[in-house]
> 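Dropping a structure here in structure tokens format, bear with me for questions.
Just the heavy atoms: all of them, side chains too, but no hydrogens, waters or symmetry mates, feed the values below. Lettering of chains follows the sequences in order, A, B, ..., and the numbering in each one begins at 1.
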Amino acid sequence: MASSFFEDVYEVARLIPKGRVTSYGAIANYLGVKSGARMVGWAMNEAHKLRDVPAHRVVNRQGLLTGKMHFATPDTMENLLASEGVKVQEDKIVNFSDVFWDPVSELN
DNA sequence: ACACTGACCACTG
DNA sequence: CCAGTGGCCAGTG
């Protein structure tokens, strides 16, 4: 099996329930890579283009849509989140703690 | 083959 | 409390 860092990221990203969001660090932490958050975002860059990975459900630790500019349009990410019931304001997720989905706690 | 960068996070001073 | 730096993997110049 191609147990690559990217592969794992794709898996977790796809497991994110609709209407929920997670952070790069949370995924990295779940994968056991403490400081691999940077690569998670990078993996997403390829992932959301090549695979059906909901990269719009992955934001930074602050709930800020840091990667919105990497989508087709800067409004794509915000639009997708809003479409799933996630409220976004000022490029930031409202009630972030409420919609936050931690793979370590959920997937255990 | 080397160095730097990249949608980040946490620690130290 | 605020600012700075290190660290992880993979890809590109």
> Under a 3.5 Å cut-off for both contacts, is C:dG7 paired Watson-Crick or G-U wobble with anything, and if yes, with which nucleotide?
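Base-paired to B:dC8.
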> To the nearest Å, how far apart are A:Phe5 CZ and C:dG7 C1'?
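Nearest whole value for this atom pair: 12 Å.
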> Output the rounded distance in Å from CD1 (A:Ile16) to P (B:dA7).
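Atom CD1 in A:Ile16 sits about 19 Å away from atom P in B:dA7.
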> If I take atom CG in residue A:Asn45 and atom P in nucleotide B:dT5, what distance separates them, rounded to the nearest angstrom?
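Interatomic distance, CG of A:Asn45 to P of B:dT5: 17 Å.
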> Atom CZ of A:Arg38 and atom C1' of B:dT5: how far apart are they, to the nearest Å?
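About 8 Å, once rounded to whole Å.
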> Take the protein atom CD of A:Glu46 and the nucleotide atom P of B:dA7, then report the distance between them rounded to whole Å.
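So the two atoms are 12 Å apart, to the nearest Å.
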> Rounded to whole Å, how long is the line connecting atom NZ of A:Lys34 with atom C1' of C:dC8?
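Rounded to the whole Å, the gap is 12 Å.
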> Per the side-chain contact (heavy atoms from CB on, under 4.5 Å) rule, which among A:Ile16, A:Val88, A:Leu81 passes with A:Val21?
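Passing option: A:Leu81.
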> Quick check for you: among B:dA7, B:dG6, B:dC9, whose closest atom lies nearest to any side-chain atom of A:Tyr24?
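The answer is B:dA7, which lies nearest to the side chain.
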> Does any N or O in the side chain of A:Asn60 come within less than 3.5 Å of the main-chain N or O of A:Gly63, such that one atom is a donor and the other an acceptor?
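Between the backbone of A:Gly63 and the side chain of A:Asn60 there is a qualifying donor-acceptor contact (under 3.5 Å).
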> In this structure, how many angstroms lie between the P atom of C:dC8 and the CZ atom of A:Phe6, rounded?
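Result: 16 Å.
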> At under 4.0 Å between heavy atoms, what does A:Ala28 touch on the DNA or RNA strands: base, sugar-phosphate, or nothing?
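Result for A:Ala28 = nothing.
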> For A:His48, report the nucleic acid contact type (base, sugar-phosphate, nothing); a contact means any heavy atom under 4.0 Å.
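Since a base atom lies under 4.0 Å of A:His48, the category is base.
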> Which whole number of Å gives the distance between the P atom of C:dA3 and that of B:dA7?
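Straight-line distance between the two P atoms is 22 Å.
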> Any side-chain to backbone donor/acceptor pair from A:Thr76 onto A:Phe71? Under 3.5 Å, distance only.
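Here the side-chain-to-backbone pair does not exist.
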> From the set B:dC9, B:dC8, B:dA7, return the single nucleotide nearest to any side-chain atom of A:Ser23.
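Looking only at heavy atoms from C-beta outward on A:Ser23, the closest nucleotide is B:dC9.
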> Regarding A:Arg61, tell me which of base, sugar-phosphate or nothing describes its non-hydrogen contacts under 4.0 Å with the strands shown.
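Answer is sugar-phosphate: A:Arg61 comes under 4.0 Å of backbone atoms only.
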> Roughly how many Å apart are C:dT5 and B:dC4, using the P atom of each and rounding to a whole number?
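The same atom, P, in both gives a distance of 15 Å.
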> A:Met39 side chain: which of B:dA7, B:dC9, C:dC9 is closest?
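Given the options B:dA7, B:dC9, C:dC9, the side chain of A:Met39 is closest to C:dC9.
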> Distance check needed: C:dC9 C1' versus A:Met44 CE, whole Å only.
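Going from A:Met44 (CE) to C:dC9 (C1'), I get 15 Å.
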> For the pair A:Arg57 and A:Glu84, find out whether any cationic side-chain nitrogen is under 4.0 Å from an anionic carboxylate oxygen.
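A salt bridge links A:Arg57 with A:Glu84.
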> Over all strands shown, is A:Asn60 touching base, sugar-phosphate only, or nothing at heavy-atom distances under 4.0 angstrom?
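If one applies the 4.0 Å heavy-atom cut-off, A:Asn60 turns out to touch the sugar-phosphate alone, with no base involved.
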> Out of B:dA7, B:dC8, B:dG6, which nucleotide sits closest to the side chain of A:His70?
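Closest nucleotide among those given: B:dA7.
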> Using heavy atoms to find the nearest nucleotide of DNA chain B for A:Trp42 and A:Ala37 separately, return the residue whose nucleotide is more 5′.
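Result: A:Trp42.
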> Please step through salt bridge (Lys or Arg N to Asp or Glu O under 4.0 Å) for the pair A:Arg14 and A:Asp52, ending with a clear verdict.
CA-CA 8 Å; A:Arg14 286 190 214 163; A:Asp52 298 326; over 6 Å; no
> Are any side-chain N or O atoms of A:Ser4 and backbone N or O atoms of A:Glu7, one a donor and one an acceptor, separated by less than 3.5 Å?
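No; judged by distance alone, with no hydrogens or angles, the pair does not exist.
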> Name the pairing partner of B:dC2, where a pair is Watson-Crick or G-U wobble with both distances under 3.5 Å, or state none.
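Pairing partner: C:dG13.
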